[in-house]
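The shown structure was predicted, so the numbers you read here are calculated from the model rather than taken from an experiment.
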Amino acid sequence: MPLLLTAAHHTATGLRELNEDFAGMVTPAEPEISTKGMIAAVADGVSGSAGGREAAEYSVRGLLTDYYATPDTWPVTQALDRVIKAINSWVQRQGSVRSGQGGMATTLTALVVRGNHYYFSHVGDSRLYLLRGDTLKRLTTDHVWDRPEMRHVLTRAIGLDSQLAIDHGMGELRQGDIFLLASDGVWGALPESDIEWHLSTLAENPAQPDDTARLLVDAALANGSKDNATALVVRVQQLPEENLRDALAGARQLPVPPRLRPGQSLDGLVVEELVHQSATTLLYRVHDPRTQRKLALKTLTPERADDPHETTAFAHEEWLARRVVARFFPQVITVEPRNYLYYLSTWHEGRTLQALLDAGGHLTVPDLVAHATKLVRAVGALHRCSIVHRDIKPANVHLGDDGELRVLDLGVAMSGLESEQQDLSPQAGTPSFLAPEQFDGQPASVQTDLYATGITLYYALTRHYPYGEVEPFQRPRFGEPVPPTRYRPDLPQWLDNLILKTVAKQPAERFETAEEMLLALERGASRPVLAPAPAPFAQRDPLATWKVVGAVSLVVNLLLMYLLVVG
């Protein structure tokens, strides 16, 4: 689903002899619309500066051209900053060499819409507005003197000084958002209520952005504007599916919140309890007074605030969590404003499978089969989204008081939705739940997730591991798995066979998909999984095999030597 926009602009000279405003926009096709986005800009040449019109036109044309020449790997804000500062240097130099002409200077307000985010850069007193729903918000701040009689004098503009400070901002897009870029000839003559009314008319008639731009300019002139008047209107018709690039770009712009205590607030959310803490993340239970509901808030620890790798990993986790819309997972909740790096998800009362086991809980065979069926369905839902969890274990399986089972924590999950993504850490996860091939450097896969699911079920039944517990940084040896019936003689043979197939050492001997494993669970004793065939001795213990071969060879050689000596 592509990003769809409608845009139009209108400009008028007004009572001036020369129109020193300049506006422009570029809406490229693929792949540029995905990698760079759409860009629009309005500039207002400074009156009294003979080169005002030239500065405005050069700034807009230069920005629209040079932005698309920046590397795709640059964040949008970095690309805008570099290009605008280069333009400022050129305009400033040109103005300084034109003695007697008053120099060259202009305001500049630029908007980039890419993916599910908007970005803007701003210098001067042209403005950017956003109409979302029934609310009009001004996104830019005028760079003018704060004294009433000096409000028309700019403190910042393109060309005024060799050192330029640029305002940058960004935010998440919503379908139906309407942006207005306007020179002071428009906003200076119209109250914001009139601007909001015209943009609301566009919201009701989305096919007429050109009429809205023209009506805004005409209304400003009719209301007494004596300046050049320019309006550029952009309406978001359709949003694309958010890609990982947008998620990472958004995360880099947000600060990590400080460590929070119960009773403190963050963006209007009241902290109730710190639920879990790891080396990199914090999980809080919070209360949203606006909706009167409890939510889970996850964020990075303040110590990881300056770690770009952790920030990237956290943004990736949130991006994946938004993709798994099913009852088997907590659902991500979007709230505004979000001024810090965190994400919210639904809160569910209950406890993890690990907590149940730690409290001495005992699973009967029917309990285990019921939980296993839900867990395999959840893992299958992930795989249909091209997501490999990589850390299925009892601590990440939540048993809700509502009877639902939910899989938690996509912190090390891997997605095939991004073709550029590679598995650079095949041993990410918990060692005792990693498949044997992962210790040989093989990447995580659907089958490694199913293997971890089998280990989870085995541990839930027996409190043991089929190959023994694996410590971090240990290089384990995998022999034959211990049948779970050794610890739980009450298990039916079909379930014993099913679990042994799931945790088989060789990937070819396991279930190929979650659907295949689910079918075996549902059939149960009616069509049981066959018991795994015993592996040949040479395959079970290659080292012992070679020792036997060596011993036999030694005996044969000694016998031959004896026969040669005797003969």
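Side-chain atoms of Q264 come within 3.5 Å of backbone N or O of R261 as a donor-acceptor pair. Using modelled atom types, no side-chain atom of R488 and backbone atom of D490 make a donor-acceptor pair closer than 3.5 Å. In this structure, T364 contributes its side chain and D367 its backbone to a donor-acceptor pair below 3.5 Å. Looking only at distances, a side-chain donor or acceptor of K374 sits under 3.5 Å from a matching main-chain atom of G403. Between the Y67 side chain and the K36 main chain, a donor and an acceptor come within less than 3.5 Å of each other. Of the possible polar contacts, none joining the S265 side chain to the G268 backbone as a donor-acceptor pair under 3.5 Å is found. In this structure a side-chain-to-backbone donor-acceptor pair under 3.5 Å is missing from D440 to Q442. Not a single donor-acceptor pair under 3.5 Å links the side chain of E310 to the backbone N or O of D307. Not a single donor-acceptor pair under 3.5 Å links the side chain of T27 to the backbone N or O of M38. T70 contributes no side-chain N or O that, together with a main-chain N or O of D66, makes up a donor-acceptor pair within less than 3.5 Å.
Enclosure of atom CZ in R527 is not indicated, since only 12 or fewer non-hydrogen atoms of other residues, nucleotides or ligands lie within 6.0 angstrom. By the 6.0 Å contact criterion, CZ on R138 is enclosed, its count of non-hydrogen atoms from other residues, nucleotides or ligands being greater than 12. Within a 6.0 Å sphere centred on OH of Y340, heavy atoms belonging to other residues, nucleotides or ligands number 12 at most. Counting heavy-atom neighbours within 6.0 Å of D401 CG, excluding the residue itself, gives a total above 12.
From F329, atom CZ reaches atom CZ of R323 across 14.0 Å, with rounding to the nearest 0.5 Å. Rounded to the nearest 0.5 Å, atoms CZ (R390) and CG (L382) are 13.0 Å apart. Rounding to the nearest 0.5 angstrom, the gap separating the OH atom in Y343 from the OG1 atom in T299 is 10.5 Å. If you take OH on Y119 and CG on L173, they are separated by 9.0 Å, rounding to the nearest 0.5 Å. F511 contributes atom CZ, which lies 9.0 Å from atom CG of L519 (distance to the nearest 0.5 angstrom). Distance check, rounded to the nearest 0.5 Å: CG of L491 to CG of D496 gives 6.5 Å.
Residue P431 comes nearest to F439 through the heavy atom pair O-CZ, 3.7 Å, listed as atom of the first residue, atom of the second, then distance. Between N339 and P255, the closest heavy-atom pair is O-CD, 3.3 Å. Considering all non-hydrogen atoms of both residues, H348 and P330 come closest at NE2-CA, 4.2 Å. Residue A444 comes nearest to M414 through the heavy atom pair O-CE, 3.5 Å, listed as atom of the first residue, atom of the second, then distance. Closest approach of V503 to G454, counting heavy atoms only: CG1-C, 3.5 Å. The shortest heavy-atom contact between L344 and V286 is CD2-CG2, 4.2 Å.
Side chains of V83 and Y68 form no contact here, defined as non-hydrogen atoms less than 4.5 Å apart. Using a 4.5 Å cut-off on side-chain heavy atoms (C-beta onward), K393 and F433 make contact. I39 places a side-chain heavy atom less than 4.5 Å from the side chain of L63. For the pair H389 and V407, the minimum side-chain heavy-atom distance is below 4.5 Å. Residues L399 and R351 fail the side-chain proximity criterion, which asks for heavy atoms closer than 4.5 Å. Counting heavy atoms from C-beta outward, L274 and L283 have side chains that stay 4.5 Å or more apart. Contact annotation: the side chain of L136 never approaches that of L130 to less than 4.5 Å [non-hydrogen atoms, C-beta and beyond]. Contact check for L457 versus L368: side-chain heavy atoms found under the 4.5 Å cut-off.
Using a cutoff of 4.0 Å between basic side-chain nitrogens and carboxylate oxygens, E303 and R259 are scored as salt-bridged. No salt bridge links R293 with E272; every basic N to acidic carboxylate O contact stays at or beyond 4.0 Å. Between D177 and R132, at least one side-chain N (NZ, or NE/NH1/NH2) sits under 4.0 Å from a carboxylate O, which counts as a salt bridge. Using a 4.0 Å cut-off between charged nitrogen and carboxylate oxygen, E512 and R510 do not count as a salt-bridge pair. In this structure, D402 does not pair ionically with R327, as no charged nitrogen and carboxylate oxygen lie closer than 4.0 Å. By the 4.0 Å N-to-carboxylate-O rule, K294 lies too far from E273 to be salt-bridged with it. Ion pair K298/E318 not flagged as a salt bridge, since none of the NZ, NE, NH1 or NH2 atoms sits closer than 4.0 Å to an Asp/Glu carboxylate oxygen.
Side-chain polar atoms of H122 and T109 form a donor-acceptor pair below 3.5 angstrom. For the 3.5 Å distance criterion, the side chains of D358 and Q354 qualify, holding a donor opposite an acceptor. Side-chain N/O atoms of R114 and S34 include no donor and acceptor closer than 3.5 Å. Side-chain contact, D81 with S121: no donor N or O sits under 3.5 Å from an acceptor N or O.
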Let me see the working for V335 and I333 under side-chain contact (heavy atoms from CB on, under 4.5 Å), right down to the final yes or no.
-> CA-CA 6 Å; V335 297; I333 304 297; 4.1 Å; yes
Test side-chain contact (heavy atoms from CB on, under 4.5 Å) applied to E437 and Q506, step by step | CA-CA 8 Å; E437 63 268 25; Q506 299 298 327; over 6 Å; no
Carefully, step by step, assess Y342 and V256 under the rule side-chain contact (heavy atoms from CB on, under 4.5 Å).
-> CA-CA 8 Å; Y342 63 86; V256 173; over 6 Å; no
Assess whether salt bridge (Lys or Arg N to Asp or Glu O under 4.0 Å) is satisfied between R377 and E522, documenting all intermediate values.
-> CA-CA 12 Å; R377 288 182 184 274; E522 291 175 340; 3.0 Å; yes
Apply side-chain contact (heavy atoms from CB on, under 4.5 Å) to L363 and L356, showing your working.
-> CA-CA 9 Å; L363 292 181; L356 172 67; 4.0 Å; yes
Which is it for T281 and R304 under the side-chain hydrogen bond (donor to acceptor under 3.5 Å, both in side chains) test, yes or no, and what are the steps along the way?
-> CA-CA 9 Å; T281 60; R304 303 285 180 164; over 6 Å; no
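Under the rule for a ring-ring contact (aromatic ring centres under 6.0 Å, His included), H287 has no partner lying at least two apart in sequence or in another chain.
Using cut-offs of 30° and 60° on the angle between ring planes, the pair F120 and Y118 is parallel.
Each side chain to side chain donor-acceptor pair (under 3.5 Å) pair with one or both residues in residues 446-465, not counting sequence neighbours, appears once here: H383-D449.
Annotation: cation-pi pair K505/Y467 absent, no NZ/CZ under 6.0 Å from the ring centroid and within 45° of its normal.
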